[in-house]
Amino acid sequence: MTEIAQFSELSLYNYSPYDERPKIVWPNGARLAFWVAPNIEFYELNPPTNPHRQPWPHPYPPVPGYSIRDYGNRVGHQRQMALLDKYGVRGSISLSAALCEHHPEIIALCAERNWEFFSHGIYNTRYTYGLTEDQEREMIEDAMDTIERAVGQRPAGYLAPALSHSNHTIDLFAEAGGLYTCDLFHDDQPTWVNTRSGKPFVSIPYSLELNDTIAYVVQKREPRRYGESIRLAFDQLYAEGADSGTVMCIPTHNYQVSCPHRLRAFEEALEYITGHSDVWVTTGREIADYTIAYGRQQLEGSAVVPSA
Amino acid sequence: MSDELLSYPQRHYGMDHDRYRWSMLQDRAPIVWPDNKPLALWINIAVQHFPLSGDKPMVAPPGALTMPYPDLRHYTLRDYGNRVGIFRIMTLMQQYQATPSVAISGALALRYPRLMERLSATGYEWLGHGWNMLCMHAGDIDIATESEWIAQTREALEAFTDQPLKGWLSPGRSQTANTPELLMRNGFSYQCDWVNDELPYPFKTDEGDMTCLPSCLELDDVFVLTQNLHSEESFVQQVSDAADLLIEEGQKQAGRLLALNLHPWLVGQPHRVSAVKNLLEALLVERSDAIWHASPSSIVDAAIDQID
């Protein structure tokens, strides 16, 4: 008999089949919680070399990659913001905290609209990789402090910068006062997260599949096709939400979705979604607060801890 | 090393470099184009020479040869553009009375003088486009070498045109840290490599200000058709969608710019050239009331006095 190798397994959340959970009823009886998460990022022209991941494929100065991302802030931001205003959506911003210092004008526009700011690290060219636990704590707290100083509210959510993680990331963020993570893609409903401090902490569905950068850069979708994918996802989650209570998120980037040849497809999807009743158009923080108040038992039902 | 990962020397207001001032498109003094048209249209045709060489450039430009030496398949496919494709495109441009610019590899002036004579006879504005598609302005290329590439390109092209050469588009939109200064020293007053905006803006160099006229990577034919693998039909749709959105913004806000970049070796192919016809029809016929179609120098000249 061969011995089965032991693997390190994820113990962040418990297991329960989708159709065996208690139903989540969103405020006012809504069946689907809908949120849009614009990533407002700053990529450095000349970041330090990280031994684990190279920030740019292009030698210094990385003009092609840097300049299109700068386009997102210079041109794209206000374009998407006007669209979200039109459809009554408050953005939940995944924010490179240093942008508070570089581009406070953007922060002010979003703050005026009572948008949510959650942490996306300091820069999207600085990774969690290669940091000690103390250094990662310093980076996480620096980002939260910077955002709190700029907007007067401590961020509740975290999407690790450039989706770079350590095994401590979620524990550290919960200990720093965070309430939810966007880094896990295992479900269409919020999930209670086991952290070492035992503080109430949840995973809120963010979506890689509907993320514009994944759709456009990795899956190379045509803009109209991307809009159609969003509508198909909505139809499915909206139908199921009557029995389960679902979350749908569209993560965006101003250097992708706000390009003039792409915005129309996004607008059609937004118009479609917000044209339905029983949709709670909300923010990540509001979903997290509501879920935590709902309670672990009510959320998980008979979920079990999977064996390692 | 690890201290460097948490050190942020450029974390302050504005950009993390000194090339240009931070500002958002929508916050600037409104640009008014001639005849009060909402949208300026710049069409560029990239006339490129890919040498038959086994050398790999530091950064591969789109369309670079990829096979072991001698890569006859890609060499000849690119050469097709200069022998056949360009003439199909010139015929269409004439049919639609378009005024595109041509960005030309300097080496082609030595290799194909007859092509230069034909391009000169069109009256199109000429831009320097590097010596050839293997001489990449990237990384730590020696400054004297890079300077020579630029000077040589100017000299070779000037043998065939009386126009003052003002504009420059680098192969693959790639630059070294020295490229802007070297362009200024060689008499170029605007460059199109930074795709971070949708209007011309002042770009600082040690030799004084030049203008950046941003080209558009995301709607470049090579990007849409060969990198994203979208259909020709979708390409035309995307250009039309972009034009509609920019025209609407131009009417409600201020003048906007649509920049297209076409490659005769790609869209000059018989199964693709109808896409060029369709997009000229969409822009210069169907939307002619809203579009000011002009050479890049005319666009720079019209904008520059209005830029604060």
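Within every chain, numbering begins at 1; the chains are lettered A, B, ... in the order of the sequence lines, protein sequences first and strands thereafter.
- At a threshold of 4.0 Å, the pair A/Arg264-B/Glu248 does not count as salt-bridged, since none of the basic side-chain nitrogens sits closer than that to a carboxylate oxygen.
- In this structure, CG on B/Leu5 lies 11.0 Å from CD on A/Glu138, to the nearest 0.5 angstrom.
- Looking at A/Arg262, only its side chain comes within 4.5 Å of chain B, counting heavy atoms on both sides.
- Top candidate by heavy-atom pairs under 4.5 Å with chain A, chosen from B/Leu219, B/Asp140, B/Asp193, B/Leu199, is B/Leu219.
- Between A/Arg74 and B/Tyr20, the closest side-chain pair of non-hydrogen atoms falls below 4.5 Å.
- The choice from B/Gln237, B/Arg256, B/Met58, B/Arg173 that makes the most heavy-atom pairs within less than 4.5 Å of chain A is B/Gln237.
- Annotation: side chain of A/Glu105 is in contact with side chain of B/Trp22 (closest heavy-atom distance under 4.5 Å).
- Heavy atoms of B/Thr179 lying under 4.5 Å from chain A are absent altogether.
- Residues B/Leu25 and A/Gln78 form no side-chain contact, since every pair of their non-hydrogen atoms from C-beta on lies 4.5 Å or further apart.
- Within 6.0 Å of the CG atom in B/Asp142, the count of heavy atoms belonging to other residues, nucleotides or ligands exceeds 12.
- Here B/Gly14 is the residue among B/Gly14, B/Gly172, B/Pro9, B/Gly139 with the most heavy-atom pairs under 4.5 Å with chain A.
- Heavy-atom distances place no part of A/Ser96 under 4.5 Å from chain B, backbone and side chain included.
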Legend entry - Audit row: B/Asp16, A/Phe42, side-chain contact (heavy atoms from CB on, under 4.5 Å) steps and yes/no: CA-CA 10 Å; B/Asp16 60 338; A/Phe42 199 103; 3.7 Å; yes

Inset, instruction - Given side-chain contact (heavy atoms from CB on, under 4.5 Å), test B/Leu6 with A/Met139 step by step and report yes or no. - result: CA-CA 7 Å; B/Leu6 293 183; A/Met139 186 264 282; 4.0 Å; yes

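- Put simply, of B/His230, B/Gln253, B/Gln238, the one with the most heavy-atom pairs under 4.5 Å next to chain A is B/His230.
- Distance check, rounded to the nearest 0.5 Å: CG of B/Asp241 to SG of A/Cys259 gives 12.5 Å.
- Side chains of A/Arg79 and B/Glu198 form a contact here, defined as non-hydrogen atoms less than 4.5 Å apart.
- For B/Tyr8, the parts lying under 4.5 angstrom from a heavy atom of chain A are both the backbone and the side chain.
- The side-chain heavy atoms of A/Asn46 and B/His17, taken from C-beta on, include no pair separated by under 4.5 Å.
- Residues of residues 211-224 of chain A lying within less than 4.5 angstrom of chain B, judged on heavy atoms, are A/Tyr216, A/Lys220, A/Arg221, A/Glu222, A/Pro223, A/Arg224 in numerical order.
- Between chain B and the residues A/His103, A/Arg126, A/Arg225, the most heavy-atom pairs under 4.5 angstrom are made by A/His103.
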Legend entry - Test log, rule side-chain contact (heavy atoms from CB on, under 4.5 Å), inputs B/Asp3 and A/Gln135: CA-CA 9 Å; B/Asp3 284 347; A/Gln135 287 176 320; 4.2 Å; yes

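- Between chain B and the options A/Ala98, A/Pro47, A/Ser67, the largest number of non-hydrogen pairs under 4.5 Å is found for A/Ser67.
- Annotation: side chain of B/Val59 is in contact with side chain of A/Pro59 (closest heavy-atom distance under 4.5 Å).
- Residue A/Glu267: no heavy atom, backbone or side chain, is found under 4.5 Å from chain B.
- A pairwise comparison of heavy atoms in B/Asp197 and A/Tyr71 identifies N-CD1, 4.0 Å as the closest pair.
- For a residue to count as touching a neighbouring chain, one of its non-hydrogen atoms must lie under 4.5 Å from one of that chain's; by this rule B/Gln227 touches chain A with backbone and side chain alike.
- One distance of note links CG of A/Leu83 with CG of B/Leu245; it measures 9.0 Å at 0.5 Å rounding.
- You'll find the side chain of B/Met24 reaches within 4.5 Å of the side chain of A/Ile106, heavy atoms only.
- For the pair A/Leu45/B/Gln10, no side-chain contact is recorded, criterion being any heavy-atom separation below 4.5 Å from C-beta on.
- Of the atoms belonging to A/Leu99, not a single heavy atom falls under 4.5 Å from chain B.
- Of the listed residues (B/Glu218, B/Met15, B/Glu249), the one with the most heavy-atom contacts under 4.5 Å to chain A is B/Glu218.
- One finds a salt bridge joining B/Arg11 and A/Asp142 here, because a Lys/Arg side-chain nitrogen approaches an Asp/Glu carboxylate oxygen to under 4.0 Å.
- Annotation for B/Leu246 and A/Pro260: closest pair CG-CB, 3.8 Å, computed over non-hydrogen atoms.
- Of all non-hydrogen atoms in A/Pro64 and B/Val195, the two that sit nearest each other are O-CG2, 4.4 Å.
- Taking B/Lys56 as the reference, nothing meets the salt bridge (Lys or Arg N to Asp or Glu O under 4.0 Å) condition, with sequence neighbours excluded.
- Counted within 6.0 Å of CD on B/Glu233, heavy atoms from surrounding residues, nucleotides or ligands total 12 or fewer; the atom is thus considered open.
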